[in-house]
Amino acid sequence: MAKQRNMGGGSFERPTQKTSYIIKRLWKYLSPYKWLLALAAALSIGGNALALIGPKLSGFAIDAIEAVGGVDFAGVFKYAGLMIAFYAASSVISYILANLMIRLSRKAVYSMRRDAFNTLASLPVSFFDTHQTGDVISVISYDIDTINSSLSSDLVQMIASVITVCGSFVMMLSISPHLILVFVVTIPISVLFTRFRSKRVRPLYRRRSKKLGELNGFIEEITSGLKTTKAYSREQVFIDRFDVKNDEAVEANYEADHFSCITGPTVTFINNLSLALISIFGALMYMAGGITLGNISSFVLYSRKFSGPINEFANIISDLQSALAAAERVLRLIDEKGEPADRPNAAVLGADAPVRGDVRLDGVSFGYSEGQTVLNNVTFNAERGRVIAIVGPTGCGKTTIINLLMRFYDATTGEIRVDGSEVRDITRSSLRGAYTMVLQDTWLFHGTVFDNIAYGKKDVTREDVERAAKAARIHGYIMSLPDGYDTVLSDNGVNISKGQKQLLTIARAMLLDSPMLILDEATSNVDTQTERSIQDAMLKLMNGRTCFVIAHRLSTIRHADNIIVLSDGRIVEHGRHDELLAKRGAYYTMYHAQFEGV
């Protein structure tokens, strides 16, 4: 089906969301596992507490070496042994914690990816008409993976950093309150610098995600049209365009990483400066007799533990900002509005009586965007079992009528009725279930031939599928395949011809008993000889159904009950084939133009 595409393209880049809002939304995916989080917090506290005892024991061991009367070897070995035991226990706990966080992040990301995909399934056709497929894929894959990495590693680091900083501060305070004054100068400088840089780096990571999405969209677009590119020998043109997109993505990635990498070394320098000041003032206090050598050693080790997490946080701030930028895009996708809900009292078509298939359009006008009208005051009837052909030049609104019949879009003005009920008073699922569609753009998925034909109907037997395939004149070809109906088709059936794909979709349609049928250039990929050979099958498929046929080959619609000729979104003629030829109007001109020179 042709798409009315917004050439500007949709985007997940909108005004920045507050960090607190994003964290609150992410908590929704973590809160179901709050007991795992509580266990992780407990393990983090326990592991870091054991690690924090080490420097204190190191100080005791040094003081035992300087003990009055000689070295206290028993004390040294005692404290050294305890250090080894505590550090070993801390390492084991850290390993358990890391595995726990990986499991937790996996569960949270699974829920997030499921919500994103469920949203995709509920979105209206208009969303996919205005968003690049590659950009959508980038959100579901790359952006969610970025969040996953942050949850499994950065979150653990942040929790451990808070515990280590608080614990180290308490231990240093117990050793020497005077030496802590060094941090009164260095810590505020580190915090202010880190905060300043984080505000500047987040927009850069948002731009990186955007450019990567655009690059993915471009690659998806070019890959799907590779045959056309080669047919026109335009490889170099698209290589040049790819180079531009690639340069933009690389440059955005470089700017984000380059800007963020300055933070870590700067904060490291400030922390090393504090270590130098502690060494100077500690030495002066030791010479004055105000502190022992062991306490100085312990204080230095605690100061490194105190400043280390601050340095680590500065290093992971870029990852956090990248995760926040990715979360913005994911949450925007999840928050996209699906198709409007059915009206509260919407009827289920066919619930009370079989669907007859009487369709009427009355004064229907529609435009895909404000100020643009594609259909203007279109009115016609399609009585039960009648074949309505819709013809006209490209862009006249033929496919738009199909979009409105299926409620992919709703008419701006006017009414569309099925069996007397306005379509907006009917549930979408029951309305669409009353139609069978065979489109110009064939779609097959990775699976067996049987699965592809049986796609639209549940509990289908092999006999049903074979009967439909025979009616579509594709059974013989299927049986010639290596595994017959169990042959696996590659993605979108690229290992078979377009004509064969078209026949498979026709067989899929023949398997359904829908009272209404839409054929949108259904034989466009079939050669003339094959088209003639399946005319009987098509007539059988159309028998007794209300049919809407869009066709450029006017010879295929000669027997239609009503041919509607569109021009600029308006009906300029309608009637049977012979009647329209006799009028010598627009249809007459179109018909004879196809056979000039034949």
Side-chain angles (χ1 to χ4, degrees), residues 1-7 124-126 128-130 359-382 386-417 423 435 437-442 516-525 531 542 546-596:
M1 181 181 294
K3 293 183 180 179
Q4 300 291 335
R5 189 174 290 277
N6 180 347
M7 298 309 292
V125 171
S126 58
F128 300 97
D129 285 349
T130 56
V359 181
R360 175 174 175 78
L361 277 71
D362 190 2
V364 170
S365 296
F366 174 76
Y368 288 98
S369 58
E370 190 174 350
Q372 176 198 28
T373 303
V374 178
L375 293 179
N376 293 280
N377 196 30
V378 172
T379 299
F380 67 84
N381 284 331
R386 299 290 185 179
V387 177
I388 308 299
I390 305 172
V391 300
T394 301
C396 67
K398 300 185 297 294
T399 299
T400 299
I401 290 179
I402 303 305
N403 285 337
L404 298 181
L405 289 174
M406 295 291 291
R407 283 200 72 193
F408 294 146
Y409 296 87
D410 282 326
T412 306
T413 59
E415 290 185 336
I416 301 176
R417 293 185 172 273
V423 292
Y435 284 97
M437 296 185 71
V438 181
L439 305 179
Q440 177 181 5
D441 297 330
T442 56
M516 295 178 288
L517 177 67
I518 292 174
L519 303 174
D520 186 356
E521 290 293 327
T523 57
S524 61
N525 292 322
E531 182 182 45
M542 297 163 66
T546 306
C547 299
F548 298 90
V549 182
I550 293 177
H552 286 114
R553 294 182 189 173
L554 301 186
S555 58
T556 63
I557 57 169
R558 290 178 177 177
H559 303 293
D561 298 297
N562 189 16
I563 300 174
I564 295 172
V565 184
L566 291 177
S567 179
D568 295 327
R570 300 179 184 276
I571 297 178
V572 293
E573 287 181 341
H574 68 90
R576 297 183 68 87
H577 174 76
D578 293 335
E579 296 171 354
L580 293 176
L581 287 180
K583 289 182 180 180
R584 304 180 71 83
Y587 181 79
Y588 175 89
T589 302
M590 291 171 57
Y591 185 80
H592 284 280
Q594 288 193 2
F595 298 100
E596 285 181 1

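Keep in mind that the numbers below use all heavy atoms, side chains included, and drop hydrogens, waters and symmetry copies.
Minimum heavy-atom separation, Ile571 to Thr379: CD1-O, 3.4 Å. Here the closest heavy-atom approach between residue Leu580 and residue Gly575 is recorded as CD1-O, 3.6 Å. Of all heavy-atom pairs spanning Arg558 and His577, the tightest one is O-CB, 3.3 Å. Here the closest heavy-atom approach between residue Gly569 and residue Val378 is recorded as O-CG2, 3.6 Å.
Under the side-chain contact (heavy atoms from CB on, under 4.5 Å) criterion, Thr373 pairs with Asn376, sequence neighbours left out. Arg360 pairs by the salt bridge (charged side-chain N to carboxylate O under 4.0 Å, His left out) definition with Asp362, not counting sequence neighbours. Arg570 pairs by the salt bridge (charged side-chain N to carboxylate O under 4.0 Å, His left out) definition with nothing, not counting sequence neighbours. Residues passing the side-chain hydrogen bond (donor to acceptor under 3.5 Å, both in side chains) test with His574: none are found, sequence neighbours excluded. Judged as a ring-ring contact (aromatic ring centres under 6.0 Å, His included), and not counting sequence neighbours, the contacts of Tyr588 are His592. Residues satisfying the ring-ring contact (aromatic ring centres under 6.0 Å, His included) criterion with Tyr435, sequence neighbours excluded, are absent altogether. In this structure Ser567 satisfies the side-chain hydrogen bond (donor to acceptor under 3.5 Å, both in side chains) test with no other residue, sequence neighbours excluded. Qualifying side-chain contact (heavy atoms from CB on, under 4.5 Å) partners for Ala586, counting only residues two or more places apart in sequence or in other chains: Val565, Val572, Glu573.
Contacts classified as salt bridge (Lys or Arg N to Asp or Glu O under 4.0 Å) and involving residues 574-588 (residues at least two apart or in different chains) are given here: Asp561-Arg576. Listed by first and then second residue, the salt bridge (Lys or Arg N to Asp or Glu O under 4.0 Å) pairs that reach into residues 401-416 are Arg407-Asp410, Asp410-Arg428, Glu415-Arg417, sequence neighbours excluded.
Between Leu404 and Val423, the closest side-chain pair of non-hydrogen atoms is not below 4.5 Å. Between Val549 and Ile390, every side-chain heavy-atom pair lies at or beyond the 4.5 Å cut-off. Residues Val387 and His559 form no side-chain contact, since every pair of their non-hydrogen atoms from C-beta on lies 4.5 Å or further apart. Residues Asn403 and Val125 are not in side-chain contact: their nearest non-hydrogen atoms beyond the backbone lie 4.5 Å or more apart. A heavy-atom distance below 4.5 Å is not found between the side chains of Thr546 and Leu517.
Atom CZ of residue Phe366 and atom CG of residue Leu375 lie 8.0 Å apart, to the nearest 0.5 angstrom. If you take CG on Leu519 and SG on Cys547, they are separated by 6.0 Å, rounding to the nearest 0.5 Å. The distance from atom CG of Leu361 to atom CD1 of Ile401, rounded to the nearest 0.5 Å, is 6.5 Å. Rounding to the nearest 0.5 angstrom, the gap separating the CG atom in Asn562 from the CD1 atom in Ile388 is 4.5 Å. Put simply, OG1 on Thr399 and CZ on Phe408 are 11.5 Å apart, with the number rounded to the nearest 0.5 Å. Interatomic distance, Phe548 CZ to Leu405 CG, rounded to the nearest 0.5 Å: 5.0 Å.
Donor-acceptor pairing under 3.5 Å is lacking for the side chains of Thr400 and Tyr409.
A 6.0 Å sphere centred on CG of Asp568 holds no more than 12 heavy atoms belonging to other residues, nucleotides or ligands.
With hydrogens and angles disregarded, no donor-acceptor distance shorter than 3.5 Å links the side chain of Ser365 to the backbone of Thr412. Without hydrogens or angle criteria, Lys398 side chain to Leu566 main chain gives no donor-acceptor distance under 3.5 Å.
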For this session: Kindly determine whether Thr413 and Val364 satisfy side-chain contact (heavy atoms from CB on, under 4.5 Å), including the steps that lead there.
Result: CA-CA 6 Å; Thr413 59; Val364 170; over 6 Å; no
